Amino acid sequence: MSPLLISVGLLFCSNIFMTFAWYAHLKELNHKPWIIAALVSWGIASIEYLFQVPANRIGFTVMSVAQLKILQEVITLTVFVPFSVMYLKEPLKLDYLWAGLCMVGAVYFMFRSKM
């Protein structure tokens with residue numbers, strides 16, 4: 001399997017954990033003191049790093065750091081939108097589409113030298 005696909009897969013896993021670490025406490029732990037939410041989030045985030053670190057190391061063999069970063073941001077938006085709508089019950093907004101289109105432009109500029 002190519003390093004790019006491995007990196008993308010690991011970054012998707014990483015972003016799922018990170019999205020939960022950053023935002024799930026707003027729904028699940030909103031009645032608890034913030035320190036409890038922070039400790040739970042740190043625990044989830046530590047699992048996230050088990051995916052993120054190898055994803056970046058593997059990805060760095062075929063991409064620049066800037067390309068890895070923009071790839072991670074696109075994956076973050078791809079994970080965040082369904083999480084926001086399905087888990088947090090936020091309304092689906094057209095703004096997500098516009099943000100996604102801006103990300104397409106960012107991807108183009110970061111990867112155009114490889115095209």
Side-chain angles (χ1 to χ4, degrees):
M1 188 179 284
S2 79
L4 177 64
L5 290 178
I6 294 169
S7 184
V8 167
L10 289 170
L11 284 172
F12 262 103
C13 293
S14 165
N15 271 276
I16 290 168
F17 279 99
M18 203 63 201
T19 301
F20 272 92
W22 282 16
Y23 301 108
H25 65 88
L26 298 173
K27 179 179 178 183
E28 303 300 333
L29 299 173
N30 61 353
H31 58 286
K32 300 280 188 193
W34 73 267
I35 191 71
I36 300 297
L39 293 172
V40 169
S41 292
W42 287 342
I44 296 168
S46 66
I47 298 168
E48 181 263 345
Y49 281 104
L50 296 174
F51 294 100
Q52 180 267 336
V53 171
N56 283 335
R57 286 177 170 240
I58 293 166
F60 189 61
T61 65
V62 293
M63 291 179 278
S64 70
V65 174
Q67 289 169 332
L68 275 168
K69 181 60 181 168
I70 201 63
L71 177 63
Q72 185 271 327
E73 293 299 336
V74 169
I75 291 169
T76 296
L77 188 60
T78 304
V79 170
F80 176 77
V81 172
F83 175 87
S84 175
V85 172
M86 294 188 297
Y87 186 79
L88 294 178
K89 307 297 184 205
E90 294 283 322
L92 182 61
K93 298 178 182 177
L94 199 54
D95 292 343
Y96 294 135
L97 173 63
W98 306 136
L101 289 173
C102 288
M103 297 299 276
V104 168
V107 167
Y108 169 75
F109 287 111
M110 284 300 179
F111 285 89
R112 70 181 168 166
S113 66
K114 294 202 180 233
M115 295 178 172

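From a predicted model like this one, the values you see are computed outputs, not experimental measurements.
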Asker: Could you state whether Met103 and Leu101 fall into the same hydrophobic cluster, counting links through intermediate Ile, Leu, Val, Met, Phe, Trp or Tyr residues with side-chain heavy atoms under 4.5 angstrom apart?
Answerer: no
Asker: When you compare the side chain of Val40 with that of Lys32, does any pair of heavy atoms fall below 4.5 Å?
Answerer: no
Asker: Linking I/L/V/M/F/W/Y whenever any side-chain heavy atoms sit under 4.5 Å apart, do Leu50 and Leu10 land together?
Answerer: no
Asker: With heavy-atom distances below 4.5 Å as the criterion, would you say the side chains of Asn56 and Leu11 are in contact?
Answerer: yes
Asker: Same hydrophobic cluster for Ile70 and Val104, using side-chain heavy-atom links shorter than 4.5 Å among ILVMFWY?
Answerer: no
Asker: With side chains defined as the heavy atoms from C-beta onward, is the minimum distance between Asn15 and Gln72 less than 4.5 Å?
Answerer: yes
Asker: Just wondering, do Arg57 and Val53 contact through their side chains at under 4.5 Å, heavy atoms?
Answerer: yes
Asker: Can you measure from NZ (Lys69) to CE (Met63) and round to the nearest 0.5 angstrom?
Answerer: 13.5 Å
Asker: Out of Tyr23, Phe20, Phe12, which one pairs with Phe80 under the ring-ring contact (aromatic ring centres under 6.0 Å, His included) rule?
Answerer: Tyr23
Asker: Mind listing the closest non-hydrogen atom pair of Tyr49 and Gln52 along with its distance?
Answerer: CD2-OE1, 3.2 Å
Asker: So Leu92 and Val81, do their side chains get closer than 4.5 Å, heavy atoms only?
Answerer: yes
Asker: Does anything in residues 79-100 pair up under side-chain hydrogen bond (donor to acceptor under 3.5 Å, both in side chains), and if so which pairs, sequence neighbours excluded?
Answerer: Glu28-Tyr87, Ser84-Tyr96
Asker: Mind checking what makes side-chain hydrogen bond (donor to acceptor under 3.5 Å, both in side chains) contact with Ser7, not counting sequence neighbours?
Answerer: none
Asker: Please report the shortest heavy-atom distance between Ser41 and Ala21, naming the atom on each side.
Answerer: OG-O, 2.6 Å
Asker: With a cutoff of under 4.5 Å between side-chain heavy atoms, which Ile, Leu, Val, Met, Phe, Trp and Tyr residues group with Met86?
Answerer: none
